[in-house]
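Below you'll find the structure, written out as structure tokens, and then a few comments.
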Amino acid sequence: MGRDREVDPHALSVGAPIALVDCNNFYASCERVFQPRLRGKPVVVLSNNDGCVIARSNEAKALGVEMGAPWHLSKDNFRKAGIVVRSSNYTLYGDMSARVMRVLADFTPSLEIYSIDEAFLSLGGFELRLEAHARDLRHTVQQWTGIPVSVGIAPTKTLAKVANRLAKKDPAAGGVRCLLDEPSQREALGRLELTDLWGIAGRMAERLRAIGIMTPLQLRDADHRLVRERFSVVIERMVLELRGVACIGLEEVAPDRKSLIASRSFGQAVETRAALEEAVSVYTARAAEKMRRQNLATASIAVWIQTNSFKPQERQYNASKAVQLPVATADTGKLLGAALAGLGIIFKPGYLYKKAGVTFLDLVAAGQVQSGLFDRPDDARSVGRMRAVDELNKRFGRGTVGFGTSGERHGWGLRREFVSPRYTTVWEELLRV
């Protein structure tokens, strides 16, 4: 449904019930699966370079730990309170997410993976035993993966989000909440603030309050045409979704991406061009591998570098350069040549660089790349070479096979003082009993 098209609520149907399954405190839960001693203890997970808190267990929340709390300012208080700290371990979290999603796929004819720890499920055909089906799902995910989940069921995605929130917050719900009729939906919305709704942040809430819409119930009962006129079709759809009219369908096939980014802050400042070339090479190779998994190719690559803006006493500099490729490619070697050429243009000596990254632009399906006047798409040898590299790295661990420009010792790598083993993906780090 396009932005400029009128939404006709009479042309929309209620459709099959939709469930939102959300992993509880996902990063902390992943850490606990292989470290049972952490259960019942306050656990926090830190961002890249152990910067700030990005995940908290319920016990840590109860102690007042805020999202985004900086580690360097909180470490003493955390230690006094007995809070267990872990560095982010995205390899582990990504693999555990894939395991959860595989289990969920057994419980639905249609699955939309919404994020690393959330998925929407169509429950058409299960109307006579919705709650029992949801509780069976919840038990199975916990038993097979060790990850606790909450399930919210409703006629629309927006209401499923509301139901999931109540399933997670209300102990009496037992992890499952159904909002299938208007009275239960109104009662649930009456317990929330505007900013508790999916897609309503602070500024939008202020704009809604300015026209007299103070609560989710008032938004539900608002004139959807007036809401569209004052705001957008997106908010109009939300009004209708809150009434139980499905406007947002499940996306079983993810839409094609238009860009792909790989970047990291360095564990320690980088000054030399050689070190920056290593970092850019590693990021380019990782982005290329991810791009090939999605069967895409890129026609343009942008490389960028920046100093630490949080240290104003140091000389500041940031720059980017986009390099256009003759023909879209997924070959890491060709992409490295373009990325390093761009880096050579923007690099300036005498600065302490804190972050670098690459962005692949103008992504196209690998099978639909058009030839240039003098250049051709990746040939069979290129495709086979990249496939062999990807398979070896998948089988024996990331970085097993790479390009020389990536170097061997990455002194600029992430600071991860409290990282757990990658229990499920690296042989040398398997759990020992």
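If you read the sequence from its start, that first residue is 1, and numbering goes on from there.
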> With Gln306, which residues qualify under side-chain contact (heavy atoms from CB on, under 4.5 Å), at least two apart?
Replying inline: Trp304, Asn318, Lys355
Please round to the nearest 0.5 Å and tell me the distance separating atom [atom1] of [X] and atom [atom2] of [Y].
X: Ser259; Y: Ile301; atom1: OG; atom2: CD1; answer: 12.5 Å
X: Ile261; Y: Thr359; atom1: CD1; atom2: OG1; answer: 4.0 Å
X: Leu179; Y: Thr158; atom1: CG; atom2: OG1; answer: 12.0 Å
X: Leu121; Y: Ile18; atom1: CG; atom2: CD1; answer: 10.0 Å
X: Leu46; Y: Ser87; atom1: CG; atom2: OG; answer: 6.0 Å
X: Met386; Y: Thr329; atom1: CE; atom2: OG1; answer: 8.5 Å

With no hydrogens and no angle check, just 3.5 Å: does a side-chain donor-acceptor pair link [X] and [Y]?
X: Glu31; Y: Tyr93; value: yes
X: Asp379; Y: Ser382; value: no
X: Asn89; Y: Ser420; value: no
X: Asn164; Y: Ser150; value: no

Donor-acceptor under 3.5 Å ([X] side chain, [Y] main chain):
X: Arg135; Y: Gly174; value: yes
X: Ser97; Y: Ile116; value: yes
X: Ser88; Y: Tyr90; value: no
X: Glu206; Y: Met204; value: no
X: Ser263; Y: Gly357; value: no
X: Thr307; Y: Tyr317; value: yes
X: Ser300; Y: Gln324; value: no
X: Ser47; Y: Asp50; value: no
X: Glu241; Y: Cys247; value: yes
X: Arg220; Y: Leu242; value: yes

>> Working note: Ile113 + Glu118, criterion side-chain contact (heavy atoms from CB on, under 4.5 Å); need CA distance, chi angles, decisive distance, verdict.
In response: CA-CA 6 Å; Ile113 299 175; Glu118 292 177 288; over 6 Å; no
Heavy-atom distance under 4.5 Å between the side chains of [X] and [Y], does that happen here?
X: Val327; Y: Val369; answer: yes
X: Thr332; Y: Val389; answer: no
X: Leu240; Y: Arg237; answer: no
X: Arg207; Y: Arg203; answer: no
X: Glu236; Y: Phe231; answer: no
X: Thr215; Y: Leu194; answer: no
X: Leu159; Y: Arg243; answer: no
X: Val85; Y: Glu417; answer: no

Taking all heavy atoms of [X] and all of [Y], pick out the closest pair and write down the distance.
X: Thr156; Y: Gly244; result: CG2-C, 3.5 Å
X: Thr284; Y: Ala339; result: OG1-CB, 3.6 Å
X: Val33; Y: Arg39; result: O-NH2, 3.9 Å
X: Leu92; Y: Cys30; result: CD2-O, 4.2 Å
X: Gln185; Y: Leu180; result: NE2-C, 3.7 Å
X: Leu104; Y: Leu111; result: CB-CD1, 4.3 Å

> Passes side-chain contact (heavy atoms from CB on, under 4.5 Å), Glu429 versus Phe34? Steps please.
Replying inline: CA-CA 11 Å; Glu429 297 178 20; Phe34 301 96; over 6 Å; no
> Above 12 or not: heavy atoms from other molecules or residues under 6.0 Å from CD of Glu193?
Replying inline: no
>> Does Lys321 have more than 12 heavy atoms from other residues, nucleotides or ligands lying within 6.0 Å of its NZ?
In response: no
>> Which label fits Trp198 and Phe120: parallel for a plane angle under 30°, tilted from 30 to 60°, or perpendicular past 60°?
In response: tilted
>> Students often mix this up, so state it plainly: with edges at 30° and 60°, are the rings of Phe266 and Tyr283 parallel, tilted or perpendicular?
In response: parallel
> Of Lys161, Arg165, Lys169, which meets side-chain hydrogen bond (donor to acceptor under 3.5 Å, both in side chains) against Asp196?
Replying inline: Arg165
Check residues 61-81 and write down every donor-acceptor pair under 3.5 Å in which the side-chain atom is one partner and the other belongs to a residue at least two apart or another chain.
from  : atom 1 : to    : atom 2 : distance (Å)
Lys61 : NZ     : Asn25 : OD1    : 3.0
Ser74 : OG     : Pro70 : O      : 2.8

> Should Glu278 and Arg273 count as an ion pair when the cut-off is N to O under 4.0 Å?
Replying inline: no
> Do Glu59 and Arg32 sit within salt-bridge range, that is, some charged N less than 4.0 Å from a carboxylate O?
Replying inline: yes
> When you look at Ser184 and Glu187, which way does the side chain to side chain donor-acceptor pair (under 3.5 Å) test go after all the steps?
Replying inline: CA-CA 5 Å; Ser184 65; Glu187 188 273 335; over 6 Å; no
>> Applying salt bridge (Lys or Arg N to Asp or Glu O under 4.0 Å) to Arg387 and Glu391, what does each step give before you reach the verdict?
In response: CA-CA 6 Å; Arg387 183 183 298 117; Glu391 287 297 323; over 6 Å; no
>> Tell me whether Arg86 forms a cation-pi arrangement with Phe418, defined as NZ or CZ under 6.0 Å from the six-membered ring centre and within 45 degrees of its axis.
In response: no
> Tell me the side chain to side chain donor-acceptor pair (under 3.5 Å) pairs involving residues 336-346, sequence neighbours left out?
Replying inline: none
> Taking Arg292 as the fixed residue, which of Asp390, Asp378, Asp331 is the one that meets the salt bridge (charged side-chain N to carboxylate O under 4.0 Å, His left out) rule?
Replying inline: Asp390
> Given Asp136 and Phe107, is the side-chain contact (heavy atoms from CB on, under 4.5 Å) satisfied, shown in steps?
Replying inline: CA-CA 9 Å; Asp136 186 25; Phe107 284 84; 3.7 Å; yes
>> For a side-chain contact (heavy atoms from CB on, under 4.5 Å) check, start with the C-alpha distance between Gln142 and Thr145, then their side-chain angles and the critical distance, and finish with the verdict.
In response: CA-CA 6 Å; Gln142 173 86 58; Thr145 69; over 6 Å; no
